[in-house]
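Okay, structure first, notes after.
Convention: sequence-line order gives letters A, B, ...; per-chain numbering from 1. Values in this document were obtained by computation on a predicted structure and should not be read as measured data.
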Amino acid sequence: MSRRPSAFDALMSGARAAAAKRKSNPEASPSKKRKSAESKPPLVTNGEKAAVDSVKPELEMEISSTGNGTADAASSDAKQCDPVECVKSDAAEEPGAKKPRAMTAEERRAELKSKIGSLKKKPADFDPRSVACWEDGERVPFLFLFLCLAFDMISNESGRIVITDIVCNMLRTIIKTTPDDLVAAVYLSANRVAPAHEGVEMGIGDASIIKALAEACGGKEAHIKNQYKEKGDLGLVAKESRSSQSMMRKPAALTVAKVFDTFRIIAKESGKDSQEKKKKHIKSLLVAATDCEPQYLIRLLQAKLRIGYAEQTLLAALGQAALYTENHSKPPPHVSSPLEEVITGQIIFMIHLKKNKGYFEFATSITSNDLEEIQNFLEASVDGSCEGLIIKTLDTDATYEPSKRSNNWLKLKKDYMDRWDTIGAFHGRGKRTCVYGAFLACYDPDNEEFQSICKIGTGFSEVVLEERSASLRSKVITKPKSYYRCGETINPDIWFEPTEINDFSCFSVKAADLTISPAHQAAVGIVDPAKGISLRFPCLLCIRDDKNPEQATSSAQVGQCPNKMPSGMIKADDRKLCPPSRCRMKLSMESCAV
DNA sequence: AGTGTCTGCCC
DNA sequence: ATTCTGC
DNA sequence: GCAGAATGGGCAGACACT
C-alpha cells in the first residue's frame, strides 16, 4: 500500500494555503505570460516563494485537469495544446515581442548548450536568467532539465556540493522564468510521478520499454535486447537507434510539462489494452525526442537515472533554491510534518488489525548484556525459524524512529557460508557494463549435475569483478552442458565450462538463509519433488583460486534442511558480539530499519 | 478458464 | 535485502 | 557515515495470450 513518507514528500507537501489560492484562480493559463497574467506584487521574490510553496497544490491541479479531461488518452493529449506552439503564437500576436523571429529548434539547442555551463557557478554568483533561452512563461524545454542533470553537467561531477549547486541553479532558473513548470521539473528530476505515499507507479519495466523501443525504431526486440546487453544502458540504445521512419514533420520540441503529463497519463492507464496504450505514449515521446532526450526519457521510465544524483541531492538543492528566492519569515501553514504522517500510519495500522481480528502480543525477549547468553538466544530463535533478533538498548531513550538507522535498535541475524561453483553469468548494466553483473552459482550433487542455486551480484569489488569477468570470459561455451540443471525462468547470458575443466576457482558465498525455490534447482527432489533450494541474500565473500580446494558444498549437505545448514565459517563483524572462536556462525549486526 | 509474463514491492 | 565507492 | 548505484529471492496482482 502506501509507503513511508519521505522527506521529499514532506517538502513537496508544503503550503496548502497556496493551493487554495490557486484553486480559486484556476484560469491562470500556463501558456500565458506570467508577468502580466498574475500581476502579483512587483517584488519578484514573492512570486517565487509562491512557486516554491505551491509545488504540491499545483501537482494536484494538474492531476485533476488531466484526469477530468477525457478518458481517452489521445484526445487528452490533443486537448493540451502544445505549450511551445501556444507561446510562439502568443509572441507573434504581441506587437512588442522582444524576439522578432522564433529561433529554430537547433538554434535553441545550441544556445542552451552554450549557456548551460554557467549553472556551475556558485549560487550566490548565479543569475537565474542567464541560461534561459526561453521566454518567461514559456514551457521549459525538456532538454534543459536533462542538459543540466546529465549532459556534461552532473554526470561529470562527483562532488555533492557542485551537483547541488547545479540543480539549485537549474531550479532557480525555472522559478524565475516559468514557475508553473516547477512541479513537473522537480518530479521529473526526482524521477517520480507522484509522492511516494500515493503509490502511483507507471507500470513500465524493461520489457515494455524494449517493446516500445523496437516498435519506435522499427527494429526487432531481440536486437534491442542485445544492444542493451552490449551497451548496458537502454537509454543509450534508444539514443543511438534513431527512428528509422523518416520524419517529415518534426513534432514540437519536448517540454518538461509535456513529459511529466505523459508520464502521469501512462501511470493512470489500466485495464484492457493498457499496456498497448502505455507503449503508444512512450513512442510518442520518443518520436519527439532529440539530442540526448531519448536517453533520459528511457532512463526516467526505467527509474534508473544513474547520474550520481537522486532524491537527497534534489532535496538539498530545492531547499537551497528556496533560500535564494524567498525570505523564509513564516513557515507555510498546515505543513504536514513527518511525525503527523507517522501517527496517521499507526492509526491505520490499528484499524487494520481490528478488521482482521488481529491482536498484539509481546515478543519473546530477554534482557542481557552477556554475549554468550545473547548468542544462545539467537540460536534458539533461529531454531525456532525466526530470522533473528532485534536488540534494543535500555540505556538510552531509544525511541523508534521510522526510516532512520541508529545503534539503539539493531538487527541480529545469522549467516550461512558456503562455496559454490559458477556455471553462468549475466551481462552487467550501468557501471557494470563490459563486465559480468552477476553470476549463476550452482552446486554439484555427486558430479552428475550442476544445479543452479542462486545468482550472485553483490559483494564484488570493482577489481574482483573485473578479474573474474576476464578470467571467466575464456571459459565461455555456447550452450549449457546437458548436465547443467537450472530453472526455466533463469536465462544466463553466458554459460561457462564446468569447473572441473577450469582452474578450480569457486565463490565463497554468504547468505542469510536457505529457501525452497520455485526457480532454482539445487537439491531438487530432496526437499521437494520439483522445487530446489536457493539462497537468501547471497553475497560474495571471496574467490577461492587455490588449485586444491576442498570440495564445494555437496548435495547432501544442502538438501538436508533449510535452517540446518552446516555453517562454514566464522567471521565476526566489525561490531563483534562474541569472540570469533566461540561463534558457530557469523553474527551479522546491522542497524535496524525495520 | 487457465497459463504465462511483467511489474512492483518486500526483505 | 547486501555491498562497494567517492566524498 | 551518507548518498548513490550495482545486484539477490520470492510473491501477488494485473494483463496478455491461448
**Message:** Cation-pi check for A:Phe263 against A:Arg192: NZ or CZ below 6.0 Å from the six-membered ring centre and within 45 degrees of the axis, yes or no?
**Reply:**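 Relative to the ring axis of A:Phe263, which defines the angle, A:Arg192 lies outside at least one limit.
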
**Message:** Using the P atom as the point on both nucleotides, what is the distance between C:dT5 and B:dG4, in whole Å?
**Reply:**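 The answer is 41 Å between these two P atoms.
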
Whether [X] contacts [N] is assessed here as follows: a side-chain N or O lying under 4.0 Å from the phosphate OP1 or OP2. Is that the case?
X        : N      : result
A:Lys411 : C:dA1  : yes
A:Thr515 : D:dG10 : yes
A:Arg429 : D:dA5  : no
A:Thr458 : C:dC4  : no
A:Arg536 : D:dG8  : no
A:Lys431 : D:dA5  : no

Nearest whole Å is fine: how far is [N] [atom2] from [X] [atom1]?
X        : N     : atom1 : atom2 : result
A:Glu462 : C:dC4 : CD    : P     : 11 Å
A:Lys455 : C:dT3 : NZ    : P     : 18 Å
A:Ile456 : D:dG9 : CD1   : P     : 9 Å
A:Leu412 : C:dA1 : CG    : C1'   : 17 Å
A:Ile163 : D:dC2 : CD1   : P     : 18 Å
A:Tyr436 : D:dG8 : OH    : P     : 15 Å

Residue [X], side-chain heavy atoms: nucleotide from [options] that is nearest:
X        : options               : value
A:Pro518 : D:dC11, D:dG9, D:dT7  : D:dC11
A:Ala207 : B:dT7, D:dA5, D:dG10  : B:dT7
A:Ser534 : D:dG10, B:dC11, D:dA5 : D:dG10

**Asked** If you look at every heavy atom in A:Gly232 and A:Thr433, which pair is closest and at what distance?
**Response**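 Looking at all heavy atoms of both residues, the closest pair is CA-OG1, 3.4 Å.
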
**Message:** Please find the pair of heavy atoms, one from A:Gly424 and one from A:Pro492, that lie closest to each other, and give the distance.
**Reply:**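 Of all heavy-atom pairs spanning A:Gly424 and A:Pro492, the closest is CA-CB, 4.3 Å.
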
**Request:** Report yes or no: do A:Tyr228 and A:Arg429 form a side-chain donor-acceptor pair below 3.5 Å?
**Result:**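 Judged by distance alone, the side chains do pair up.
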
**Request:** Answer yes if the ring centres of A:Tyr436 and A:Phe460 are under 6.0 angstrom apart, and no otherwise.
**Result:**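 When the ring centroids of A:Tyr436 and A:Phe460 are compared, they turn out to be at least 6.0 Å apart.
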
**Message:** Could you check, using the six-membered ring where one of them is a Trp, whether A:Phe126 and A:Tyr324 have ring centers closer than 6.0 angstrom?
**Reply:**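 No, the ring of A:Phe126 stays outside the 6.0 Å limit from the ring of A:Tyr324, centre to centre.
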
**Request:** Go through the steps for A:Val193 and A:Tyr187 under the test side-chain contact (heavy atoms from CB on, under 4.5 Å), then give the verdict.
**Result:** CA-CA 6 Å; A:Val193 106; A:Tyr187 271 109; over 6 Å; no

**Message:** So A:Phe460, base contact, sugar-phosphate only, or nothing? Heavy-atom distance under 4.0 Å.
**Reply:**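 Sugar-phosphate only.
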
**Message:** Mind checking if A:Ile161 touches a base, just sugar-phosphate, or nothing, with heavy atoms under 4.0 Å?
**Reply:**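 Nothing, no heavy atom under 4.0 Å.
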
**Request:** Before giving the answer on side chain to side chain donor-acceptor pair (under 3.5 Å), spell out for A:Glu311 and A:Asn191 the whole-Å C-alpha distance, their side-chain angles and the decisive distance to 0.1 Å.
**Result:** CA-CA 8 Å; A:Glu311 182 174 310; A:Asn191 211 156; over 6 Å; no

**Asked** Just by protein heavy atoms under 4.0 Å, how would nucleotides 12-18 of chain D read 5' to 3' in B, S and -?
**Response** ---SS--

